[in-house]
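One structure is given below, encoded as structure tokens.
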Amino acid sequence: MTHDQRTDTFTAPIDDRYFEDYTAGATYEYGSVAVTQEEIVGFASQYDPQSFHVDPVAAREGPFGGLVASGWHTVALMMQLFARHYLSTVASLGSPGADELRWLKPVRPGDRLRLRLHTLDTRLSRSDPRRGIVRTLAELLDQGGEPVLRVTVVNLLRTRDGA
């Protein structure tokens, strides 16, 4: 985040946060999470068993010159921070999906990641005014402030009147 950007705060805690508490244009930062070699290998062994994710020796000769986290592991780390800090624990109704998922830079053992969020827009549902739709640009940043992941997340949230 550059010095001319602001970081907003919610007025409602996560366990009392509803659709109305999300404001288009707001920016938030949360984190951080440390990435370990054991977690990288463990996740990839189960879900993405490519050599540059599971074998540190083979990874040195691979396309990244060393062990890197699976992109799906990186998404899971983003979701962990997103759910713990941003997404309401009382009003979330799930998600119809995400848009424009991009892995921008490899995540390596020892990286420390934080989450930057920008609420793009909010609108009431046309089919059910007791819920709203929030679109959020999520970026996972490494310890140098470089984005490693960018995705637009769409969430359905209950309104206070619909609670």
_Aromatic plane relationship, Tyr86 with Tyr22 - under 30° parallel, 30 to 60° tilted, over 60° perpendicular_ = perpendicular
*Where Pro129 and Thr159 come nearest, the two heavy atoms and their spacing*: O-CG2, 3.8 Å
*Do you know which two heavy atoms are closest between Thr27 and His118, and how far apart they sit?*
OG1-ND1, 3.0 Å
*Around Arg123, counting heavy atoms of other residues, nucleotides and ligands shown, do more than 12 lie under 6.0 Å from its CZ?*
yes
*Does Glu61 CD have over 12 foreign heavy atoms under 6.0 Å away?*
no
Looking only at atom types and distance, does a side-chain atom of [X] sit under 3.5 Å from a main-chain N or O of [Y], one as donor and one as acceptor?
| X | Y | value |
| --- | --- | --- |
| Thr136 | Ala138 | no |
| Ser95 | Gly97 | yes |
| Trp103 | Gly71 | yes |
| Asp142 | Glu146 | yes |
| Asp16 | Pro13 | no |

*Between Arg150 and Glu100, is there a salt bridge with N-O shorter than 4.0 Å?*
no
_Cationic N near anionic O, under 4.0 Å, Asp21 to Arg160_ = yes
Any side-chain heavy atom of [X] sitting closer than 4.5 Å to one from [Y]?
| X | Y | answer |
| --- | --- | --- |
| Pro109 | Thr36 | no |
| Arg112 | Val35 | no |
| Ser70 | Tyr47 | no |
| Asp161 | Arg130 | no |
| Leu104 | Val148 | no |

*Looking only at side chains, do Thr152 and Asp99 share a donor and an acceptor under 3.5 Å apart?*
no
*Will you find, in the side chains of Ser88 and Tyr18, an N or O donor that is under 3.5 Å from an N or O acceptor?*
no
*For the ring pair Phe82 and Tyr30, is the centre-to-centre distance below 6.0 Å?*
no
